Each structure stands twice: as structure tokens, then as C-alpha cells.
Amino acid sequence: MPELPEVETIARGLNNHLVNKQIVALDIRCSKIINGDEESFRRIICGLRIKRIYRYGKYLFLVLSTEVVVSIHLRMSGQLFLNGYEAIPAKHTHLDFYFKNYNKKLSYRDIRKFGRLEIISKGDISRYIRTKKLGPDALEIDSVSLSTALKSSKRPLKALLLDQSLLAGLGNIYVDEALFLAGILPFTSGNKLTGSQMEILLNAISEVLQQAIKNRGTTLSDFIDVHGKQGSNQFFMDGALY
DNA sequence: ACTTCATCCTGTCAGC
DNA sequence: TGCTGACAGGATGAAG
């Protein structure tokens, strides 16, 4: 399932190909994946240009012209990829973006239909991040914030690290990897962590994420990048489960 | 205020 | 073989 490194890989891929492309049409085959009204989603987006794409935690933001932003969360099984614009949609492909003077379309595919796309009011991303109760991005968090977040709870570390309100971006795979690399048991209570363990853990999180980004994500089941290629990080992982 | 639990959905896999 | 049921998993909102 896509976590921070996978979403980052997709963001970079989209940035390489879609900046300044003008959206001319949307083909929405399953409106469930769109938060809010399908017709207004279409009406607002069509005609706008993509200015840039970036992510925060596991959220992807498409910044469009006139300050409109599309927020995308892939959840468990969402995929975003470029496809020949005449390609027959693969099963579970729920949405296609078409662009002016571009021979590809951007497809959203999602077997489990847990992912969501929505329009954010006038580029107000920071307020959106607060609304979603997202903590600091897992790649940016400093040791003080991490200590504060973890030491104030007796919940197991695994649950704490998965909690997006404490730090945003980690999921099952990278929590397991980081804890394994740090040599800390997942059921250790947050408030039992020593200062040096905290330091080791922070370094492990950072290392695990950066390695995964370098390897263009981890494909255990269905992650693909914008070209439909699988990640390679699974071949470089140390965690006991993999 | 904090923590746990059911829900969404479909493919996969174990058991019969 | 074919069917059935359990299970996985991120975020959310309800319940404990």
C-alpha cells in the first residue's frame, strides 16, 4: 500500500510529466471516489492547468491554476499512472484526466475504492492538513517533536508510529522496517523509550524512508509508479517480515 | 482526553 | 473443482 516513499515517487513522476498541462476532460466512472459532488468536481477542474504536484504525509496535492488544489489519498490500493489516451481502461480504473496537446491520460485505479479525491478551497492546504489532524511529515520531523509525540503515551510504539496525527507518512511496512532497523520491539510503550533509543529510532525512520525513495518505492503487492513500473525497495529491505 | 472498534471494498487464500 | 468465509489494511467517526 502506498506510504510516504510511494507517494513521493508518484509526485516526482507526475511533476516530470504534467506541469503546465491543461486539463480538458474528465472521465469519471465511479463517483464514489470523489468527495463531494461529481459534477462540480468536473466543472471546477476542467480548463485548469497543473502548476505543480507535491505530497505531505501520504496525501498528494495537485496544485492547479487559479489556486485550485486537488487532494488525492490512495489509501490501500489506489494507483495513479499515465496511459495512452486511447488505452482501454484496466479493470477498477475509476477516473481518467485528459490533457490538451498531450497523448497520454492520467488514470486513477483503485481495487478497493478506499482512496479519495477532493477539491480544496482555494489552495488552502495548511488548513486542510490541520483539519485532517496530520502531524509533522515523517521526513521532516525533528527529535524534539518525535520525543514529545512518543513519550507522552503508553500505547505501543507500532500504534504510535502509525498514528498520522503524531507524524504523517508512515504505514505498516515502514513502521516495521524502522523498528527492526532500530532494534526496538514494536510493543514497547512510547513512554518507556530512552533518549538514545529515540535518537536511533529517528535515524532509522529517516534512513528507511530515504532508501525507499531512492529505490522508487516498495512493491509488495500492487504499488506502481506513474509509468506502471513496480518499485524495487522490497529487494533492499531488512525487516523480519519480508 | 485518550484509546479502541467497526466501517468501507475486493482480491486472495485456507479449508472443506 | 468450486464454494464459503476469514482476512488484510488507512482513515474516520462512533463508542468505550
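Order of the sequence lines sets the chain letters (A, B, ...), proteins ahead of strands, with each chain counted from 1. Computed from a prediction, not measured in an experiment: that's the story for all the values here.
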Which part of the nucleic acid, if any, lies within reach of A:M76 when heavy atoms closer than 4.0 Å are counted: base, sugar-phosphate only, or nothing?
base

How long is the line joining NZ of A:K154 and C1' of B:dT3, in whole Å?
11 Å

Kindly assign one of parallel, tilted or perpendicular to the pair A:Y102 and A:F99, based on the angle between their ring planes and the thresholds 30° and 60°.
perpendicular

Step by step, would you call A:D137 with A:R55 a salt bridge (Lys or Arg N to Asp or Glu O under 4.0 Å)?
CA-CA 9 Å; A:D137 188 85; A:R55 60 134 209 104; 2.5 Å; yes

Do A:V68 and A:L18 belong together in a cluster built from hydrophobic side chains that touch within less than 4.5 Å?
yes

Without decimals, in angstroms, what is the distance between A:E6 CD and C:dG9 P?
14 Å

note: A:L4, atom CG; C:dG10, atom C1'; distance rounded to Å ~ 14 Å

Please report the interatomic distance CZ(A:F97) to CG(A:N83), rounded to the nearest 0.5 Å.
13.5 Å

Considering only NZ, NE, NH1 and NH2 on the basic side and carboxylate oxygens on the acidic side, decide whether A:D110 and A:R75 come within less than 4.0 Å.
no

In whole angstrom, give the distance that lies between atom CG of A:N35 and atom C1' of C:dA11.
11 Å

Is it true that A:L209 and A:L162 fall in one hydrophobic cluster, defined by side-chain heavy atoms closer than 4.5 Å?
yes

C:dT12 phosphate, OP1 or OP2, under 4.0 Å from A:K133 side-chain N/O
no

Starting at atom CD of A:Q164, determine the distance to atom C1' of C:dG9, rounded to an integer number of angstrom.
13 Å

A:H73 vs C:dG10: side-chain N/O to OP1/OP2 distance below 4.0 Å:
no

Could you go through nucleotides 8-11 of chain B and list every protein N or O atom that sits under 3.5 Å from one of its N or O atoms, giving the distance for each pair?
residue : atom : partner : partner atom : Å
B:dC9   : OP1  : A:K32   : NZ           : 2.6
B:dC9   : O4'  : A:R112  : O            : 3.2
B:dT10  : OP1  : A:K113  : NZ           : 3.4
B:dG11  : OP1  : A:H92   : NE2          : 2.6

Tell me the interatomic distance from A:I173, atom CD1, to C:dG10, atom P, rounded to whole angstroms.
8 Å

Here the distance between atom P of C:dG10 and atom CG of A:L170, to the nearest Å, is 11 Å

Length of the NZ-P vector between A:K132 and C:dA11, whole Å
10 Å

Report yes or no: is the cationic atom of A:R52 (NZ for Lys, CZ for Arg) under 6.0 Å from the centre of the six-membered ring of A:Y54, at an angle within 45° of the ring normal?
yes

Sugar-phosphate, base or nothing in reach of A:S77, heavy atoms under 4.0 Å:
nothing

